[in-house]
There are 2 protein chains.
Amino acid sequence: MFTFSEENYLKAIYHLERDFIKGISTNAIAKKLETKASSVTDMVKKLSEKKLIIYKKYQGVTLTDFGKKTAANIVRKHRLWEVFLVEKLNFSWDEVHDVAEQLEHIKSPKLIQQLDSFLGFPTHDPHGDPIPDKEGNLKIIEKSLLSTLLKNESGICIGVNDSSSEFLQFLDKKGITLGKLITVLEKEDFDDSLLIKIAQQKFSISKKIASNLYIQKQ
Amino acid sequence: MFTFSEENYLKAIYHLERDFIKGISTNAIAKKLETKASSVTDMVKKLSEKKLIIYKKYQGVTLTDFGKKTAANIVRKHRLWEVFLVEKLNFSWDEVHDVAEQLEHIKSPKLIQQLDSFLGFPTHDPHGDPIPDKEGNLKIIEKSLLSTLLKNESGICIGVNDSSSEFLQFLDKKGITLGKLITVLEKEDFDDSLLIKIAQQKFSISKKIASNLYIQKQ
DNA sequence: AATTATATTTAGACAAGACTAAAAATTTAT
DNA sequence: ATAAATTTTTAGTCTTGTCTAAATATAATT
């Protein structure tokens, strides 16, 4: 098994690969983990020896299949714990990240298997991000930014782009939570704000908000 | 906050103090943690600097009030997690220890508070050991070894002395679990075995078994 | 293409935690 | 009370993961 530190590096590389495809630079990893590039170089050599990544000097890194599966498993644990915290322990969705960051490193296959079952085999975490299955595969659902919907279109809120505390708390205040049906009643050309309806309530939201909310079109 | 290692030492000292009162030797700690006495000396100096224990060279250690409270808090977390694993995730009571050993180090006061509430504020873990409250106090219940009961006395099974896997699995097989009412029907002078009744079932158990089961007399 | 700027790696140092082997203190036994 | 046995500590080494500063490679600019 791997150390906490190794797991954190793996996870960072995994997330970066979802954004940039291949050849993740040591600098990018350093920035993500708030550490120094020299520390990354050290660790990257170790992960490479363990066959988790491909690393050639000055050319960045790429996860191997083994590395990808290992990283996905950590993300799986992270997101299952987030579901647990929100659904069972009444955490709000902006409080879960730091705790899940710790819980994801607990080693016990049975624990995760039972937790998964206890939670009813969820496919998405409280932020709408997909939970990898045991093989590391993600169930991708067709998602659109709320800002791309046209007048009179509607969809179900399935996730956020920006998951900062402030944003999540704002959504909570407005009663916008995962699973809620949102209908666009008006689009204001002037400032791109939207008038939306959610659970019989009508109010308007800014372009910025609408560009950070993922919707599954109905 | 403290490192995993520091917490493990604290917990070991805490448990040793329940058995021996004061002046825990470095050797005793080393044996408990399966490490070397020299490593213990190093760590003990550190814990002493942090005011968690009193340490005088060659004279063993004693927990300070602060150390005691800190250690009790780790034990509290360990036992709450054990309850969670058994009650919610269907672990059997011989499988929980290693996982709880990891979970006890998760840092989040809210997590423990909510977990406690989610579990219905349990006072004892699945082995019958008391769960310290937030202040580190234990609720002590009057417990007797099953082997000390007289003929026709009965009591509720509240814990075990030996918590080895083999023993716990044996108990499971016989249907002896926490909360069950046990009545002593016969005591055999020859080998000190007992004929007991539990949930309408009658069978005999050896002296060894009876000396490892705690009972709350009715 | 040469020079400057940026990114990456190397070399050497440090802290935490553990270990071995040797020294010192304490305890036990004669 | 002294010698022998045991316990505890010290000194020095190792590994993991991090860092700074210096060196080297790559990329960008003119």
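Quick note on labels: first sequence line is chain A, next is B, and so on, each numbered from 1. Predicted, not measured: the structure shown is a model, and the values here were computed from it.
- Applying the side chain to side chain donor-acceptor pair (under 3.5 Å) test to every pair with at least one member in residues 107-117 of chain A, sequence neighbours left out, gives these pairs: E7(A)-K107(A), R76(A)-D116(A), K110(A)-E95(B).
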Got a list of protein N/O to nucleotides 20-22 of chain D N/O distances below 3.5 Å?
residue : atom : partner : partner atom : Å
dT20(D) : OP2  : K36(A)  : NZ           : 3.2
dT20(D) : O4   : S38(A)  : OG           : 3.2

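- Residues meeting the ring pair (Phe, Tyr, Trp, His ring centres under 6.0 Å) test with H124(A), sequence neighbours left out: none.
- Atom CD1 of I29(A) is separated from atom C1' of dT18(D) by 16 Å (rounded to the nearest Å).
- For the pair K57(A) NZ and dT24(D) C1', the computed distance is 10 Å after rounding to whole Å.
- With sequence neighbours left out, D42(A) forms a side-chain contact (heavy atoms from CB on, under 4.5 Å) with no residue at all.
- Note on T26(A): every side-chain N or O is 4.0 Å or more away from OP1 and OP2 of dA7(C).
- For the pair K56(A) NZ and dT24(D) P, the interatomic distance rounds to 23 Å; values are reported in whole Å.
- At the heavy-atom level, T41(B) lies under 4.0 Å from base atoms of the strands shown.
- The side chain to side chain donor-acceptor pair (under 3.5 Å) check on D133(A) picks up nothing, with sequence neighbours excluded.
- At dT6(D), none of the side-chain N or O atoms of Y58(B) fall inside 4.0 Å of OP1 or OP2 (strictly under the cut-off).
- We find that CG of L33(B) is positioned 10 Å from P of dC19(C), with the value rounded to whole Å.
- Atom-to-atom, CD of E49(B) to P of dA15(C) comes out at 13 Å; the value is rounded to the nearest Å.
- Residue Y55(A) places none of its side-chain N or O atoms closer than 4.0 Å to OP1 or OP2 of dT8(C).
- Both cation-pi conditions hold for K143(B) and Y214(B): the charged atom is under 6.0 angstrom from the six-membered ring centre and inside a 45 degree cone around its axis.
- Map Q59(B) and Y9(A) each onto its nearest nucleotide of DNA chain D; the residue landing nearer the 5' end is Q59(B).
- Among residues two or more places apart in sequence or in another chain, the side chain to side chain donor-acceptor pair (under 3.5 Å) test is passed with K11(B) by E101(B), E104(B).
- Among the protein residues, N27(A) comes within range of the sugar-phosphate backbone only, with heavy atoms under 4.0 Å from sugar or phosphate atoms but none that close to a base.
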